[in-house]
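Reviewing the structure listed below.
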Amino acid sequence: MAIIVDLDVQLARRRLSVGEFAAAVGITPANIAVLKNGRAKAVRFTTLDAICRTLDCQPGDVLRWVPDEQPD
């Protein structure tokens, strides 16, 4: 699957640490790491809402789709 999570970019732009961000969103730093590293299998809309509210951004600023590479 080619869903890319750009949380690290957004956090860097806002100079937020993972700990500060996790506290503001209301999830653990470990779960933020799972999202940032692309290991999450799902994201609740309530969590996505909290992320976007905290970062003052749109879901597309945090998540993006890139096509899988096609075999030759």
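Residues Lys36 and Leu11 have side chains in contact (heavy-atom distance under 4.5 Å, counting atoms from C-beta outward). Counting heavy atoms from C-beta on, the side chains of Val5 and Val43 never come closer than 4.5 Å. For the pair Ile4 and Leu63, the minimum side-chain heavy-atom distance is 4.5 Å or more. At a threshold of 4.5 Å between non-hydrogen side-chain atoms, the residues Val9 and Val62 do not count as touching.
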Where do Cys57 and Arg13 land on the side-chain contact (heavy atoms from CB on, under 4.5 Å) test, with the steps shown first?
-> CA-CA 12 Å; Cys57 69; Arg13 285 183 180 165; over 6 Å; no
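Connection of Ile51 to Val18 is established within a shared hydrophobic cluster, with ILVMFWY side chains joined at heavy-atom distances below 4.5 Å, either directly or through further cluster members. Residue Ile27 is not grouped with residue Val34 when hydrophobic side chains (ILVMFWY) are merged at heavy-atom distances under 4.5 angstrom, including chains of intermediate members.
For the atom pair CD1 (Ile3) and CH2 (Trp65), the distance works out to 8.0 Å, reported to the nearest 0.5 Å. Rounding to the nearest 0.5 Å places CG of Asp8 at 11.5 Å from CG of Leu35. Atom CG in Asn37 sits 10.0 Å away from atom CG in Leu7 (nearest 0.5 Å).
For Asp6, the salt bridge (Lys or Arg N to Asp or Glu O under 4.0 Å) partners at least two apart in sequence or on another chain are Arg64.
The residue from Thr54, Asp56, Asp61 that alone fulfils the side-chain contact (heavy atoms from CB on, under 4.5 Å) condition with Gln10 is Asp61.
More than 12 non-hydrogen atoms from other residues, nucleotides or ligands lie less than 6.0 angstrom from CZ of Arg39.
Nearest heavy atoms, Arg15 versus Glu20: O-OE1, 4.1 Å. The minimum heavy-atom distance linking Cys52 with Pro59 is given by the pair SG-N, 3.5 Å. Residues Pro67 and Ala2 approach most closely at C-CB, 4.1 Å, considering heavy atoms.
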